[in-house]
Amino acid sequence: MSNIEKIPRRRFLARALGAASALALAGCDRLSRTEWFPQVLASAEKLNAAAAHLVTSRKSMAQEFAESDLSPTFRSNGTADPETREYQAMTANAFADYRLQVGGLVEAPQRFSLADLRALPSRTQITRHDCVEGWSAIAKWKGTQFSALLAAVRPQAGARYVMFYCADPMEADGTEFYYESVDMEDAYHPQTILAYDLNDTLLPVANGAPIRLRVERQLGYKHAKYVMAIELVASFDSIAGGKGGYWEDQGYQWFAGI
Amino acid sequence: MPVLGQRFEWRITLPQALVNTPSNASYLYYRHTLPVRVMHWINVVALTILLMSGLQIFNAYPELHWGKSSYTGSPALLEIKARDSATGQTIGYTRVLGREFDTTGVLGASRGPDGTVTRAAFPSWATVPGTQWLAMARAWHFFFAWIFVINGLGFLAYAIFSRHLARDLAPTRSDLQSIGQSLKEHLRFRHPSGEAAKRYNVLQKLAYLVVIFGLLPLAVLMGFAMSPWLNSLLTGWVDLVGGRQSARTLHFIIAWLLVAFVLIHVFQVIVTGFWNNLRSMLTGRYRVQGESRHE
């Protein structure tokens with residue numbers, strides 16, 4: 001075969017390859033926007049959760065670090081200062097009027113002031129916060145052991161999940177607020193705390209004052225900031241988008257262990 | 001040689017002109033069994049999607065660090081970002097180990113599908129999905145990670161039990177003694193032909209073994225090291241590879257080493273007879289030329 005014939009063939013092949021990959025890419029993007037395909041992809045989340053639970057015990061502990069590992073500052077992500085009138089009023093008097101409402105499927109619904117929460121058994125831990133975006137930061141957290149809070153309100157047998165309702169508005173008009181959920185296994189985990197101190201000082205507004213959840217074996221979006229109310233539920237199917245959290249309703253995995 | 005799964009064989013018919021000119025001495029040799037062919041192509045699809053969705057995941061935090069966290073006091077090893085120039089233009093830049101390069105058009109800032117300049121570490125044409133969409137990229141990544149792992153375990157089991165590993169992949173003593181010779185021949189683009197082309201050569205065997213037993217399992221392990229849940233498996237195990245951000249960096253480097261492997265692999269496929277090689281990975285049959293050497 002002569003060179004004169006070869007060049008157009010090579011160019012033809014290169015163009016064909018280029019066109020085929022462009023088509024394949026457009027196909028991927030089209031699949032991402034269908035109703036059914038993301039559901040197929042989401043089946044991997046169940047496998048992720050099942051595999052993670054298979055190889056670890058219920059109480060496997062997240063790594064804890066030394067003071068020397070602390071990040072210079074703990075990055076604030078998402079909302080840095082909820083601008084609602086209610087939240088601003090709470091910050092104005094140093095959360096003196098803050099009451100954490102705990103209800104739902106519990107025997108003894110209660111409202112906890114910050115002093116009440118500080119009176120419950122606490123835990124201090126230096127852990128690594130892993131954001132779904134990819135970054136990590138190490139900080140020291142002190143807070144109420146969630147198992148102690150649960151002991152105070154006595155969950156009913158039907159309670160399967162704990163919902164967290166927060167003060168950070170997710171829409172400009174202040175209508176939708178952040179929400180998250182964990183299952184009872186994580187709720188009773190020794191490292192699950194409602195943190196009120198960060199690096200030995202009061203939890204700053206930028207990081208979720210007056211309290212934020214720490215659920216150390218999962219990614220950052222599980223760690224709800226500005227927690228205002230807690231509800232134990234049998235199912236979150238009828239809450240907001242039905243996926244158990246603000247980011248979950250935007251397509252992120254409920255099991256955020258990876 | 002027994003022909004596995006011949007009844008289900010997947011054939012394509014190529015026009016004779018595209019196949020190497022047949023000589024009297026040539027014949028078709030059954031080189032790749034059906035399971036190897038099927039698993040090879042599943043792997044091609046899975047790794048392609050893992051790479052492209054991985055790049056989209058990288059775009060959500062376009063920095064790489066070494067250590068337990070991203071805030072160790074040391075600067076990023078790699079940063080692919082964008083900034084505005086004095087004249088208001090969007091400049092894409094890549095900073096590697098402190099050296100900065102203007103990569104406008106490809107890295108940092110590039111044209112999106114609609115033609116407008118978009119700030120993104122990797123460009124739209126290199127990522128799945130094409131636009132910034134971390135949740136969807138993760139969904140693709142984990143789904144195809146499972147396909148990749150199941151397919152890989154299937155390959156491993158098959159390679160061991162069918163003796164593909166022992167017979168075709170493990171280098172023999174004489175292979176190892178001829179490494180220098182093989183290297184010289186590769187550098188001169190002289191490749192085994194005729195009867196010798198029926199076996200993998202020693203560099204080929206070593207490359208496949210490094211990928212199968214080195215890079216691919218390490219990529220999976222570094223993926224595990226990024227999982228906060230799997231971090232709790234054994235206290236401190238992630239620090240053995242330098243910490244979670246180091247694992248993320250290694251995952252990224254391994255991905256590009258795999259890309260380098262694929263580029264060399266495809267180059268070798270092309271220079272040693274593209275259609276013949278392609279056919280052998282589709283139908284299993286490889287045309288062996290007589291003893292005449294062709295280069």
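Every chain is numbered from 1, with letters handed out A, B, ... down the list of sequences. Worth knowing before you read on, the calculation uses all heavy atoms, side chains too, and leaves out hydrogens, waters and symmetry mates.
Scored by the salt bridge (charged side-chain N to carboxylate O under 4.0 Å, His left out) test, A/Asp69 finds B/Lys68 as partners (sequence neighbours excluded).
Using a 4.5 Å cut-off between heavy atoms, A/Ser43 contacts chain B through its side chain alone, with no backbone atom that close. For chain A, no part of B/Trp237 is nearby; none of its heavy atoms comes within less than 4.5 Å. Looking at B/Thr48, neither its backbone nor its side chain comes within 4.5 Å of chain A, counting heavy atoms on both sides. Contact annotation for B/Ile57: only backbone heavy atoms (N, CA, C, O) come within less than 4.5 Å of a heavy atom of chain A. Proximity to chain B is limited to the side chain of A/Ala51, based on heavy atoms less than 4.5 angstrom apart. The parts of A/Ala137 that come within reach of chain B are both its backbone and its side chain, each placing non-hydrogen atoms under 4.5 angstrom from that chain. Using a 4.5 Å cut-off between heavy atoms, B/Trp146 contacts chain A through its side chain alone, with no backbone atom that close. Contact annotation for B/Phe144: only side-chain heavy atoms (C-beta onward) come within less than 4.5 Å of a heavy atom of chain A. B/Arg248 touches chain A through its side chain: at least one heavy atom from C-beta onward sits under 4.5 Å away, while N, CA, C and O do not. Only the side chain of A/Asp29 comes within contact range of chain B, judged by heavy atoms closer than 4.5 Å.
When each of B/Gly73, B/Pro113, B/Pro129 is checked for heavy-atom pairs under 4.5 Å with chain A, B/Pro129 comes out on top. In terms of non-hydrogen atom pairs under 4.5 Å with chain A, the most contact-rich of B/Asn59, B/Asn231, B/Leu234 is B/Asn231. For chain A, the option among B/Trp133, B/Phe224, B/Trp125 with the highest count of heavy-atom pairs below 4.5 Å is B/Trp133. Heavy-atom pairs under 4.5 Å with chain A peak, among B/Glu63, B/Arg244, B/Met226, B/His65, at B/Arg244.
The two residues A/Tyr226 and A/Ala209 have their closest heavy-atom pair at CD2-O, 3.1 Å.
The existence of a salt bridge linking B/Glu79 and B/Arg95 is confirmed by a sub-4.0 Å separation between a basic side-chain nitrogen and an acidic carboxylate oxygen.
Between the side chain of A/Thr201 and the backbone N or O of A/Leu198, at least one donor-acceptor pair lies under 3.5 Å.
Ring geometry for B/Trp229 against A/His53 counts as tilted: the plane angle lies between 30° and 60°, on a 0 to 90° scale. Classification of the A/Tyr161-A/Trp254 ring pair by plane angle, with boundaries at 30° and 60°, yields perpendicular. Classification of the A/Tyr178-A/Tyr246 ring pair by plane angle, with boundaries at 30° and 60°, yields tilted.
Judged as a salt bridge (Lys or Arg N to Asp or Glu O under 4.0 Å), not a single pair has a partner in residues 42-63 of chain A (not counting sequence neighbours).
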Checklist entry - Step by step, would you call B/Phe122 with B/Phe58 a ring-ring contact (aromatic ring centres under 6.0 Å, His included)? => result CA-CA 8 Å; B/Phe122 287 98; B/Phe58 175 90; 5.4 Å; yes

